[in-house]
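For this chain, numbers begin at 1 and follow the sequence in order. As the structure is a prediction and not an experimental result, all values here were calculated from the model.
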Amino acid sequence: MRNEKLSWCRIIFFILACWLFFLFFSCTSTKIDSDFSPVFVTNSSKYKILPPESMSGSIEELQRMEAVFGKNQIEADIYVIANSEQLSMILMSEFGTTVAELFYDGENLDFESSVFPKKLKPEYIVADFQFCLYDAEILKSKLAEIGLDFNVSSEYEPNGFCTETRVMSQNYKIISKVTKKFEKNQKTEVNELKSIKYENFLRGYSYELAGVSE
């Protein structure tokens with residue numbers, strides 16, 4: 001049975017709790033030489049976010065997010081622009097007002113919000129997005145450098161649907177899984193991304209993004 005929809009105040013608390021959780025792990029370890037803060041995929045594996053050129057394809061649309069952290073579940077809208085030049089995200093309240101904004105172009109990483117502490121590290125948001133949508137071969141190479149395996153598989157269905165699965169693991173233990181659903185456009189014959197589900201088993205959270213129909 002679906003959990004009752006949380007109020008916007010509880011949504012803010014939920015997201016804040018998730019990002020503070022990431023912040024704790026980043027602050028308790030030694031920093032590496034990088035223009036940006038390292039992302040601790042595990043307590044010992046430090047990932048440096050990739051430049052936007054590593055993006056596979058492009059996105060520019062309003063996404064509906066459903067996220068789960070422990071027993072809590074939330075829903076919110078996020079406008080996403082992602083291509084080879086930038087990653088931009090705008091988190092909106094149920095009233096359509098902007099709650100938080102993120103911008104990343106490989107040289108600058110800006111995160112502004114009226115509700116979140118300034119110490120929150122946006123690198124963790126960028127990293128999760130990269131694991132979902134950046135070039136698989138580039139990710140596999142970079143993650144191998146920090147002792148992580150990254151395997152990608154695809155399953156095609158006769159009705160034009162395709163599912164891509166990305167699994168990150170270490171010593172045969174799954175850390176996270178990405179499931180992407182595609183549907184072939186009958187006019188262009190191009191596979192169009194319809195939804196993304198990200199599950200982080202190590203940290204105990206997940207979220208799903210789907211384009212909002214006009």
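Across every non-hydrogen atom of F69 and G204, the tightest pair is CD1-O, 3.8 Å. In plain terms, the two heavy atoms of S113 and V99 that are nearest each other are OG-O, 3.0 Å. In terms of heavy atoms, M89 sits closest to I78 at CB-CG2, 4.1 Å. Nearest heavy-atom pair across I146 and K46 is CG2-O, 3.1 Å.
Under the 4.5 Å side-chain heavy-atom criterion for grouping Ile, Leu, Val, Met, Phe, Trp and Tyr, F103 is not connected to I125 through any hydrophobic cluster. Linking Ile, Leu, Val, Met, Phe, Trp and Tyr whenever their side-chain heavy atoms come within less than 4.5 Å puts F129 and V152 in one cluster. Linking Ile, Leu, Val, Met, Phe, Trp and Tyr residues whenever their side-chain heavy atoms come within less than 4.5 Å leaves V41 and V167 in two separate clusters. Put simply, F161 and F182 are part of two different groups of oily side chains (I, L, V, M, F, W, Y) that touch within less than 4.5 Å, one to the next. Put simply, L202 and V178 are part of the same group of oily side chains (I, L, V, M, F, W, Y) that touch within less than 4.5 Å, one to the next.
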Could you walk me through whether Y198 and N200 satisfy the side chain to side chain contact (heavy atoms under 4.5 Å, CB included) test, starting with their C-alpha distance in whole Å, then the side-chain angles of each, then the deciding distance to 0.1 Å, before giving a yes or no? CA-CA 7 Å; Y198 178 81; N200 191 309; 3.4 Å; yes

Determine, step by step, whether Q63 and D77 satisfy the side chain to side chain contact (heavy atoms under 4.5 Å, CB included) criterion, reporting the C-alpha distance in whole Å, the side-chain angles of both residues, the deciding distance to 0.1 Å, and the verdict. CA-CA 6 Å; Q63 300 276 328; D77 288 334; over 6 Å; no

Working note: V68 + I74, criterion side chain to side chain contact (heavy atoms under 4.5 Å, CB included); need CA distance, chi angles, decisive distance, verdict. CA-CA 7 Å; V68 177; I74 68 163; over 6 Å; no

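Interatomic distance, L143 CG to Y47 OH, rounded to the nearest 0.5 Å: 6.5 Å. Taking CD of E157 as the reference point, atom NZ of K184 lies at 12.5 Å (rounded to 0.5 Å). Separation of atoms CG (L102) and CD1 (I90) is listed at 10.5 Å; rounding is to 0.5 Å. Here the SG-CD distance, from C162 to E155, works out to 8.5 Å after rounding to the nearest 0.5 Å. Summarising the geometry, atom OG belonging to S54 is positioned 12.5 Å from atom CG belonging to L133; distances are rounded to the nearest 0.5 Å. Atom CE of M65 is separated from atom CD of E208 by 11.5 Å, given to the nearest 0.5 angstrom.
Side chains of Y79 and E61: no donor on one and acceptor on the other come within 3.5 Å. Side chains of N72 and Y205: no donor on one and acceptor on the other come within 3.5 Å.
Heavy-atom contacts from other residues, nucleotides or ligands closer than 6.0 Å to CZ of F201 number more than 12. Around the CD atom of E145, the shell of radius 6.0 Å holds more than 12 heavy atoms that belong to other residues, nucleotides or ligands.
With sequence neighbours left out, the side chain to side chain contact (heavy atoms under 4.5 Å, CB included) criterion links E137 to D135.
Two rings, from Y124 and F40, have their centers 6.0 Å or more apart. Note: Y104 and F36 meet the aromatic proximity criterion, with ring centroids under 6.0 Å apart.
A salt bridge (Lys or Arg N to Asp or Glu O under 4.0 Å) check over residues 97-106, counting only residues at least two apart or in different chains, returns nothing. Judged as a side-chain hydrogen bond (donor to acceptor under 3.5 Å, both in side chains), the pairs with a partner in residues 167-183 (not counting sequence neighbours) are, in order, S45-Q170, T163-K181, E164-K180.
At distances below 3.5 Å, not a single donor-acceptor pair connects side-chain atoms of T98 with backbone N or O atoms of A100. Looking at R166, its side chain does come within 3.5 Å of a backbone N or O of F131 through a donor-acceptor pair.
In this structure, the side chains of I81 and Q86 come closer than 4.5 Å at one or more pairs of heavy atoms. In this structure, L139 and K142 have side chains that are not in contact, with every pair of non-hydrogen atoms separated by 4.5 Å or more. The side-chain heavy atoms of V39 and V126, taken from C-beta on, include no pair separated by under 4.5 Å. Side-chain contact between P52 and E85 is absent, with no heavy-atom pair separated by less than 4.5 Å. Between K140 and N151, the closest side-chain pair of non-hydrogen atoms falls below 4.5 Å.
Between E192 and K194 there is a salt bridge, since a side-chain N of the basic residue sits under 4.0 Å from a carboxylate O of the acidic one.
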